[in-house]
Structure formats: C-alpha cells, structure tokens
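Data block below; observations after.
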Amino acid sequence: MIESENMKNKNMKSENLESRNITVTEKSEESKELLSVSNISISFLQYTKGLRKNLLKVISDLTLSVSSGEIVAILGSSGSGKSLLAHAILGILPNNADLTGEMTFEGKELDQKFKEKLRGKEIALIPQSVNFLDPLMKVADQVIGETVDEEDKKAKKAHQREVFEKYGLDEKVDDLYPFQLSGGMARRVLVSTALLQNPKLVIADEPTPGLDDVAIQETLNNIKQMAAEDRGVLLITHDINAALKVADKIAIFYSGYVIEIANVEDFTDDGENLIHPYTRALYKALPQNGFNLYKGHQPFHGELPEGCVYSDRCDQNTDSCMKINPDLREIEGKKVRCHRGHRKYSR
Amino acid sequence: MELKGKNINFKYGFSKKWILKDLNISLKSGEIKGLIGDSGSGKSTLSKILSGYMEEKKFKGDITIDGLKPLKSGFNPVQLIFQHPEQTMNPKWKMKDILYESWDVTEDLIEEFGIQKSWLNRWPNELSGGELQRFAVLRALSPNTQFLIADEMTTMLDAVTQVQIWDLTIKITKQRNMGMLIVSHDKDLIDTICDDIVYLNDINNV
C-alpha cells in the first residue's frame, strides 16, 4: 500500500517536474537529468611536518551528469579516489576534505542540508560488501531501520518482505545474521536495502570484485533492472568488463581527472572511436583485445605535471600538451580532455 | 625441477564437507600453467598448501620438489603472490625495507619494473595497488625462487597495469626458467598468457 502511494506521489512529482521543465527550459529530452555535477574538486588538508599544512587535490574538475533510466560508469584504478565522488554526493566526506564546485539534483542545488534530506531516500548507496551491515543485527531488522510504533513496524516489515521477495530472498533470510549470508545472498540483501525507499538515483560502489561469473551477472542484471525502472545509476568500478556490459556512458578517471566520457558503443572493434589515448590503451590492454603493453604509470596526487596529466605517456604529445592542461570539451556527443582530439575535429 | 602436490585433501575444522579431495597437481620449471575455478572452490587454499603457507597438520597429502619435502627453514623456493598487496606489507615499514627484506634487489630490476626511486621512501598506504603489486612481485623474484604462484595477482588492477605486470613477470620467469601457476577466474587472461590450462573441478574429486 505504501509503495503504491509512493509510486503515485512519485508519478505526480515527476509529471510536475516534467511539465515545469518543458515550460521553463523547453528541453525536449526523453529522460530528465537527475544529478548534475560540474567542476567538482576534492582536496584533503594534510599536516606534513610539524604545523606545516599541505592541500592534496584528489579529484579535479569533475563534470558529469546522470539522467533517469541511464547507467553511467566511472572507471578508474583502485585507490584513485573515485569512491570519494560517491561520498561527496551523499555528503559523508571526512572533515578534512574540502569540496568545491556545483552539484544539482533535479535542478535544485545540492548542499549539505539537501544531501542529508535526500540520502537513503531519493539517493541510495549500494556498498561494496556485507561488511557495511551491522554484524550483530538480523538482516531484516536493520533493513527496516527505525520504527515509531507497532503499526509503523508492521507496514515497514510488509514492505521489506515485498522487496526481499522480489529479489528472491525468502522468509528464512529475514532472521539471518550477515555472516550467515552467502556471497550472492549478501549482494541481494544490499541491493534490496538500497531499493527499499524507492530511490531515483542509485550509486553502486564497486559491486563486482571478488564475485564469480554467476554472481557478477546477477549484480549486473540488478543494475540493468534499476535503469529499466527509470532510476539513474552511477556505477563506480575498476572492472572495465562489467562497465561495458551494462553502462550507457563510461567516464574514464585518470589521476583525479575525468579524461573522457565515452559512449559504450565506442568500445568496439579496434577502439578507433575512442578519442583519448589512455582510453584506447585501456581498451586494447584487455586480454580479449590484444593484451597490448603501454608503459608508464599515473602521476601521484600532488605531483601532477603542469600540462596534460597523460603527457608523459602519450605517444603524440606536443608543446601545448606539456604546458596547458586541456579542458573537458564536447566533441560529437562525447566529452574528452585532450588537445589532440580537439585538433583532429577542428581541422 | 618439478613441484608436485600428491593426494591433497582439505576440509575446514570439524566440517564434513571436503573442499579439496584426492587432488593431484604438478608444475615443472619453465611451465606457465593456468588454474581456473569458481569462487569458493578452493583455489586459494590450494595455492597456500602448495607454497607451504598451510600447516602440515591441517591438510593431508604430500608436497614435494623433485621428490623431496621442502625444507622448513631458509628461503622458500615456492613464492606466493596475493590479490591484495596492501595486506601483505607491514604498514609501518617503508617500501625500501619491504623490498630489501627479501633479497638484494638489483638496480636494473628496480628500473625494469618501473619502480621510481622516490617510491622507495614512501609508506605502503601512499602507493596505489598497481605500484604495490610491482613491489610484491619483485620481492618474490629472489634468485632462490624456483616457483611462483600468482593467486588472482592482477584482479584489482586496471587493464593497462595488468599487462605491465604480467609482461615483466613472464619475462623474468622465462629468463630464469621458473615455473608459474596462475590462479584466476578470468578465462580470457588465462587463455592469453598460459601454455597449459587446468580446471580445478576436473582435478578435484569432491
């Protein structure tokens, strides 16, 4: 009952929003933009020696948007700081982190207060592992969360049962503790927990590593299903195969910069549609695409070169690449941060 | 040389379910063998048993190198490389101490592995997984090492770094005529780099 009411509300709300969108901005988009992130930078204040402080930039100038029914993957190596984006969107960055730039959710500015209001409701997180569940609490109880009185508890319980049922978790699972769940079951619990409040945007943080093929397939199907239900999904991962299987757009993360936002169709054949040399290298380094060797490593946070972050590994760099860091420019519907790509198309 | 596991049996504690049963496996010098299995099928357990990380009373069966039991003291000729390098390093040691603890690594090799001089003075938590894994591989490649067991060695790394690490590891194992067992669930990877492929389900008699 609650769900149907929610759905009604949601439909009404979305109708309102859509009509507003059409009248105000006159945009004729099929799906509406949910989350828009522009020029986000995240830095950490560190003490180096004594009282000397150092501002370490981890994410620079990140621009990205997720629309309803769309799956956007952020692909970066582990430890590159891409999870911080999820934390920034949910407003759970640590105290010494400094966040600049603009974020909006359904057109409204996303400040800390608004984030706190939305998280867990409109925006939900699927965490990396069962370790994020309370080990001393039965699964169903912690999924239901806080209840005001008996009636509230009953309603929430019924709703929880409904969602669990949808993901093939029978009543026995309700009374299990997290350690008793198998890997696949645990994933399903995390997914249904995130979907309990019927969120519009789901952030999945590294949902696939350490799972076998069957479990990975199931997780990816769940993500596809979410997009089919018109939710926006932000998939944070280092697994390029997983990203290629489900995402509509893939944002490639390199040394804290998004260097290319490519469409998934571009990752075909020889990768000739990929513009940035790193994206192409990443694609052609896959065992099934040639296992090609590219030398070099990503520069450290805090030791970034003056020019393009990829200039020391690029095979076609020029003087301007060494001096000026390119902006993220739109080229034929994709976005890329490369002087070369720009030149190629402006010629 | 030949590393052999004969009639290996393993189960947890008082559990009745066998994880590994009457399993036989062998690895010769100069051989690059891939081992594929689902998660939870006992790949990592087998890796630990072969490299002497498992106490002898916890499993049944014989591990031999050229027919002899491996010595309990001294440098272990069978080196195991794990999936998560950050968990195998002392967080309170600098990278140079972690690296040189194992053997006197030559300058050329450090350079060949793409390890920057400045990394040596850093703490493990300051380096990325790919950078740490280079150290983990290099410190396992002592001249005394005869066999390398790579348990999901590049699963956590991006594709570009994955190729870099495999390229180096394979080059050196071939140069020194070492044997390598590559444990992974990534069939494409195993198909690309291994001479021979073994499916755990085929050799495990549970």
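Quick note on labels: first sequence line is chain A, next is B, and so on, each numbered from 1.
- For the atom pair A/N241 CG and B/D186 CG, the distance stands at 7.0 Å (nearest 0.5 Å).
- With a 4.5 Å cut-off on non-hydrogen atoms, A/N292 touches chain B through its backbone but not through its side chain.
- The side chain to side chain contact (heavy atoms under 4.5 Å, CB included) test with B/V160 is passed by exactly one of A/R313, A/K295, A/K284: A/R313.
- When atom types are taken as modelled, the side chain of B/Q164 and the backbone of A/L293 share no donor-acceptor pair closer than 3.5 angstrom.
- Shown here is B/E107, whose CD atom has no more than 12 heavy atoms of other residues, nucleotides or ligands within 6.0 Å.
- By the neighbour-count criterion of 12 heavy atoms within 6.0 Å, atom NZ of B/K94 is densely surrounded, having more than that number from other residues, nucleotides or ligands.
- For residues 2-36 of chain B, the ring-ring contact (aromatic ring centres under 6.0 Å, His included) pairs, not counting sequence neighbours, are B/F10-B/Y12.
- How far CD of A/Q298 is from CD of B/E131: 8.0 Å, rounded to the nearest 0.5 Å.
- Atom CD of residue A/Q288 and atom CG of residue B/D191 lie 10.5 Å apart, to the nearest 0.5 angstrom.
- With rounding to the nearest 0.5 Å, the separation of OG1 in B/T161 from NE2 in A/H297 is 10.5 Å.
- Residue A/L282 comes nearest to B/A159 through the heavy atom pair O-CB, 3.5 Å, listed as atom of the first residue, atom of the second, then distance.
- Under a cut-off of 6.0 angstrom, the local environment of NZ in B/K21 is crowded, with over 12 non-hydrogen atoms contributed by other residues, nucleotides or ligands.
- Applying the 6.0 Å contact sphere to CG of B/D104 captures no more than 12 heavy atoms from other residues, nucleotides or ligands.
- Within the 4.5 angstrom heavy-atom criterion, only backbone atoms of B/E126 (N, CA, C, O) approach chain A.
- Of the residues considered (B/I190, B/L189, B/I193), B/L189 shows the highest number of contacts with chain A, using heavy-atom pairs under 4.5 Å.
- The environment of CD in B/Q116 is crowded: more than 12 heavy-atom neighbours from other residues, nucleotides or ligands sit within 6.0 Å.
- Between the CG atom in B/D188 and the CZ atom in A/F291 there is a gap of 10.5 Å [rounded to 0.5 Å].
- By the 4.5 Å heavy-atom criterion applied to side chains, B/D158 and A/F253 are not counted as neighbours.
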